[in-house]
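First up is the structure itself, then whatever we jot down about it.
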Amino acid sequence: MTTAPTLQIAIADYSDQRDAADVVHLLDSYARDPMGGGEPLKEDVREKLVDGLAGTVGAFSLIARLDDEAVGLANCMTTFSTFSARPIVNIHDMAVLDGHRGHGIGRALFSAIEAEAKARDACKVTLEVLSGNEPAKGLYASLGYGDYQLDPAAGSALFWQKAL
């Protein structure tokens, strides 16, 4: 009788060679996915990624592993809410390897993110999602995530950017 693999989620230790390699591998896999842009990470990004995360105050990564195989990643950044005078945790990257999706790994990562956010006394968790990413939107909505509004008459917040 074969036992099912055990799912474990832990905060990455950026100084640990295995954790660092898994962060790069998982983010590169996400980048190659159509929802991540469909292109591999550039070599200079692969080389600077872990040191950049380690040097960013408030950054943390959660790695989901089935036994020894890294299958999911959440890169998070802690920022600050001026309206609440408390931290905010933003999920910057959320990825589960193709072939492992639909098995509760993303849901488990969210549970770990929210536990870490509470440990940091965060007032909320934020994220961005592409409007066409229906599977992700379905998961996020089922977990209670949705549009951000201060006053419905003013509309929903939009995420804008300007590349530099």
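Small disclaimer: the values here were computed from a predicted structure and weren't measured. Computed over heavy atoms, backbone and side chain alike; hydrogens, waters and symmetry mates excluded.
Atom CE of Met94 is separated from atom CG of Leu109 by 4.5 Å, given to the nearest 0.5 angstrom. The CZ atom of Arg46 lies 9.0 Å from the NE2 atom of His25; values are rounded to the nearest 0.5 Å. In this structure, the separation between CD1 on Ile113 and NZ on Lys118 is 12.5 Å, given to the nearest 0.5 Å. Note: Leu49 CG to Leu27 CG = 5.5 Å, rounded to the nearest 0.5 Å. Interatomic distance, Leu66 CG to Gln8 CD, rounded to the nearest 0.5 Å: 9.5 Å. From Asn90, atom CG reaches atom NZ of Lys124 across 10.0 Å, with rounding to the nearest 0.5 Å.
Residues Val89 and Glu114 form no side-chain contact, since every pair of their non-hydrogen atoms from C-beta on lies 4.5 Å or further apart. Annotation: side chain of Arg107 is in contact with side chain of Ser142 (closest heavy-atom distance under 4.5 Å). No side-chain heavy atom of Cys123 sits less than 4.5 Å from a side-chain heavy atom of Phe83. The closest side-chain heavy-atom distance from Arg65 to Arg18 is below 4.5 Å. Within the 4.5 Å cutoff, no side-chain heavy atoms of Val71 are placed close to those of Arg101.
For the pair Ser61 and Tyr14, the tightest heavy-atom approach, listed with the atom from each and the gap, is OG-OH, 2.7 Å. In this structure, Val96 and Gly106 approach most closely via the heavy-atom pair CG2-N, 3.8 Å. Between Leu41 and Ala31 the shortest heavy-atom distance is CD2-CB, 3.8 Å. When all heavy atoms of Gly58 and Arg120 are compared, the closest pair comes out as O-NH1, 3.7 Å. Contact record, Tyr30 with Ala95: CB-CB, 3.6 Å, taken as the closest heavy-atom pair.
In this structure a side-chain-to-backbone donor-acceptor pair under 3.5 Å is present from Asp19 to Asp13. For the pair Asp93 (side chain) and Ala74 (backbone), a donor-acceptor distance under 3.5 Å is absent. Under a 3.5 Å cut-off, the side chain of Asn75 and the backbone N or O of His92 do not form any donor-acceptor pair. Arg86 contributes a side-chain N or O that, together with a main-chain N or O of Ala122, makes up a donor-acceptor pair within less than 3.5 Å.
Under a 4.5 Å side-chain heavy-atom criterion applied to ILVMFWY residues, the cluster that includes Phe80 comprises that residue alone.
Sorted by first and then second residue, the pairs that involve residues 123-164 and meet ring pair (Phe, Tyr, Trp, His ring centres under 6.0 Å), not counting sequence neighbours, are Phe110-Tyr140, Phe110-Tyr145.
Within 6.0 Å of NE2 on His100 lie more than 12 heavy atoms contributed by other residues, nucleotides or ligands. Atom CD of Gln17 sits in a sparse spot, with 12 or fewer heavy atoms from other residues, nucleotides or ligands closer than 6.0 Å.
Residues Phe60 and Val23 are members of separate hydrophobic clusters, defined by side-chain heavy-atom contacts under 4.5 angstrom among Ile, Leu, Val, Met, Phe, Trp and Tyr. Taking hydrophobic clusters as Ile, Leu, Val, Met, Phe, Trp and Tyr residues chained together by side-chain heavy-atom distances below 4.5 Å, Leu139 shares a cluster with Leu7. Note: the hydrophobic cluster containing Ile63 does not contain Leu127 (ILVMFWY, side chain heavy atoms under 4.5 Å, direct or indirect links). At a threshold of 4.5 Å between side-chain heavy atoms, the hydrophobic network of Ile, Leu, Val, Met, Phe, Trp and Tyr places Leu73 and Leu130 in two separate groups.
The side-chain contact (heavy atoms from CB on, under 4.5 Å) test with Glu116 is passed by exactly one of Val125, Ile9, Ile11, Thr78: Ile11.
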